[in-house]
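Chain naming here is simple, since letters A, B, ... match the order of the sequence lines and numbering starts at 1 in each.
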There are 2 protein chains.
Amino acid sequence: MSSDVTRLSQWMDHHRTRMELGPLSILIRKLLSHSPLSTADQQAIAALPHKVRRLQPGESILREGDQAEICPVLLSGFAYRQKVASDGGRQIVALKLPGDALDLQSLYLHKADHDIRMLTNVEMALLPLAAIEQLTIARPAVARAILIDILVEASIGREWLLNIGRRNALARLAHLLCELHDRVSDIASETSEYFEIPLTQEQLADLLGLTPVHINRMVRQLEKMGAIGRPSRSLTILNLSELAKISNFSSAYLHRNNLSGV
Amino acid sequence: MSSDVTRLSQWMDHHRTRMELGPLSILIRKLLSHSPLSTADQQAIAALPHKVRRLQPGESILREGDQAEICPVLLSGFAYRQKVASDGGRQIVALKLPGDALDLQSLYLHKADHDIRMLTNVEMALLPLAAIEQLTIARPAVARAILIDILVEASIGREWLLNIGRRNALARLAHLLCELHDRVSDIASETSEYFEIPLTQEQLADLLGLTPVHINRMVRQLEKMGAIGRPSRSLTILNLSELAKISNFSSAYLHRNNLSGV
DNA sequence: CGTTAGCTTGAATGCTTTCAATTATTGTGG
DNA sequence: CCACAATAATTGAAAGCATTCAAGCTAACG
């Protein structure tokens, strides 16, 4: 159906079928990466009612001003949040990966303040917000896991503010690539330094507060340095430490080891 | 003790003494602005154990990497969150006003990903995180109010990403001033178009991803247009609608009417 | 009344954008 | 399987917004 779907997504598709908890197991895995959940908690999540739906690149599942009643969870593919300025300028304010819940905030805020769109072909589960709310009431550990998810996303947003506000174009791009590397590693569980990132240069521009033309120049510069490769229309990371050096990347803000307590 | 304290803060100091619920009443009022709380809920919050502490401009109450055990709540004065890039560049990633809880995230994330510092002379209540946690368990409405607080801050962060990523310097500044107007209005309850904003030009630069020199030029431009005034070393908003026009400001992202449901 | 932090200003520089075309890739329909 | 359409990538040159540098000014504080 598409070459837009990343290798990661394909791996996810395949892997998921071998797990015990059904389509939502990837959500459970994501939550487990930062929060403890008992077997019963996990089963309760897996048992949430849901429909599976496929969307194509650019399609929207939520628009600013909407009042949502379902929470989409990414099963495969990438999605993003965007805001649009009155002059048409677009800013991507978050990137979501497989296992991420896309709209937990609508549990508590009644009007969406941004759009949610698909970056690639996507498979998602749609969960009724009411069911999630009941689950959070019945199972405090689940409520806590959801809250931590929200907090980590907020932390990433703060780092993006620093990235866009205070780093030059090359460092911004390198920093984003480092972040994606780490986040994808977490869900793919196979640490490879070879990731395919399905972002067009225009999307990179909207992510980083730059123009496509300038992104192009930065991408080529990173390529010339051997830090990235560019198969077909996406990026691969070839030299992570080089990217980390350029952007002074430190992954603390991802809170990946939250479980360890201290 | 200082001319740094804004008129708002002074008004707050005065107002607080007339309320029933003690020092934390301002926190309760803030939560009530977006979440329903029963009288019992409010009393339970007011009864939280706490110490009152004063800090001066620039002082820090939390540093990146710290593991907090207390949650500071602003009683008067302004504070901010900041992140520092490796080259020394500083980005202010959030501004906190009286009534705001400064570090709820440490309830769930074990290491701070940013610093919290005081913008003005500040009076704050320090609440043990353990006490807050118990309260959230005992009183779901309080837990919900706290979560909404966190979500609204995240929404503001997204708008800042759009602001810094996609608006020019003049619009960025105007947008920030509009936001502050609305947020201050909420807690001051007296809607005046005349607010004193105690930000130096250097701080404005760190808020908006610009340099102090350029901020100076933009401030003077807004002044020349009659949109702002500049008593001593702060700003006042003289023409809010002009600022809103410059920045195409829309306050939806502040979620101020969350209570109304639809 | 000096000291200091903050504000102001001009000029030169530069990073990024804008504009305008061209080239490459992917997907589609015949 | 090829031609065509559409999207994405690329490139050079000019323009502009913002930064940097450097210096002088102002106002608050002790």
Side-chain angles (χ1 to χ4, degrees), chain A residues 1-6 56-59 85 87-91 118-121 163-174 196-224 228-236 246, chain B residues 1-6 56-58 85 87-91 119-121 163-174 196-224 228-236 246:
Chain A
M1 169 165 284
S2 105
S3 54
D4 264 309
V5 175
T6 64
Q56 297 184 334
E59 278 194 271
D87 70 341
R90 177 174 78 148
Q91 180 69 40
M118 305 307 121
L119 187 64
T120 63
N121 278 299
N163 202 32
I164 293 179
R166 287 297 175 213
R167 283 193 263 258
N168 64 29
L170 194 70
R172 270 187 229 183
L173 177 55
E196 232 172 290
I197 297 171
L199 290 163
T200 67
Q201 294 182 0
E202 186 180 2
Q203 289 161 340
L204 284 169
D206 288 336
L207 276 161
L208 297 172
L210 297 166
T211 56
V213 171
H214 202 57
I215 287 286
N216 180 273
R217 290 173 176 135
M218 299 301 104
V219 163
R220 313 215 94 230
Q221 192 170 333
L222 288 181
E223 182 186 25
K224 197 176 299 174
I228 63 174
R230 307 163 57 251
S232 73
R233 271 177 186 169
S234 58
L235 301 181
T236 57
I246 291 170
Chain B
M1 169 165 283
S2 104
S3 55
D4 264 309
V5 174
T6 63
Q56 296 184 334
D87 70 342
R90 177 175 78 148
Q91 180 69 40
L119 187 63
T120 63
N121 278 300
N163 202 32
I164 293 179
R166 287 297 174 213
R167 283 193 264 259
N168 64 29
L170 195 69
R172 271 188 230 183
L173 177 56
E196 233 173 290
I197 297 172
L199 290 163
T200 66
Q201 294 183 2
E202 186 181 2
Q203 289 162 341
L204 284 169
D206 288 336
L207 275 161
L208 298 172
L210 297 166
T211 56
V213 171
H214 201 56
I215 287 287
N216 180 273
R217 292 174 175 136
M218 299 301 105
V219 164
R220 313 216 93 230
Q221 192 171 334
L222 288 181
E223 183 186 24
K224 197 177 299 175
I228 62 174
R230 307 161 60 249
S232 71
R233 272 178 185 169
S234 58
L235 301 181
T236 58
I246 291 171

Do A:Asn216 and A:Gln201 pair up side chain to side chain, a donor and an acceptor below 3.5 Å, judged on atom types alone?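 There is such a pair between these side chains.
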Which residue, A:Leu199 or B:Ser232, contacts DNA chain D at a nucleotide closer to its 5' end, judged by nearest heavy atom?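 Looking at the nearest nucleotide for each, A:Leu199 comes out on the 5' side.
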Think B:Gln201 has a side-chain N or O under 4.0 angstrom from the OP1 or OP2 of C:dT8?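 Checking C:dT8 against B:Gln201, a side-chain N or O does come within under 4.0 Å of OP1 or OP2.
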Counting only side-chain nitrogens and oxygens, does A:Arg230 get under 4.0 Å of the OP1 or OP2 atom of D:dT10?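 Yes, such a contact exists.
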Is the closest side-chain heavy-atom distance between [X] and [Y] below 4.5 Å?
X: A:Leu199; Y: A:Ser234; answer: no
X: B:Arg172; Y: B:Met218; answer: no
X: B:Ile246; Y: B:Leu170; answer: yes
X: A:Val219; Y: A:Arg230; answer: yes

Rounding to an integer number of Å, can you tell me how far [X] [atom1] sits from [N] [atom2]?
X: B:Arg166; N: C:dT18; atom1: CZ; atom2: P; result: 9 Å
X: B:Ile228; N: C:dC7; atom1: CD1; atom2: P; result: 12 Å
X: A:Leu204; N: D:dA8; atom1: CG; atom2: P; result: 12 Å
X: B:Asn121; N: D:dC29; atom1: CG; atom2: C1'; result: 14 Å
X: B:Glu223; N: D:dT26; atom1: CD; atom2: C1'; result: 14 Å
X: A:Arg233; N: C:dA24; atom1: CZ; atom2: P; result: 13 Å
X: A:Lys224; N: D:dT11; atom1: NZ; atom2: C1'; result: 12 Å
X: B:Arg167; N: C:dT17; atom1: CZ; atom2: C1'; result: 19 Å

Under 4.0 Å between a Lys/Arg side-chain N and an Asp/Glu carboxylate O for A:Arg166 and B:Asp206?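 Answer for the salt bridge query: yes.
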Heavy-atom donor-acceptor pair, B:Gln91 side chain to B:Leu207 backbone, under 3.5 Å: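 The answer is yes, because a donor-acceptor pair under 3.5 Å joins these two groups.
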Enumerate the residues from residues 210-221 of chain A whose closest heavy atom to DNA chain C is under 4.0 Å, giving them by residue number; use none for an empty result.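 A:Leu210, A:Thr211, A:Val213, A:His214, A:Arg217, in order of number.
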Just checking A:Gly58: base, sugar-phosphate only, or nothing, at a heavy-atom cut-off of under 4.0 Å?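 Result for A:Gly58 = nothing.
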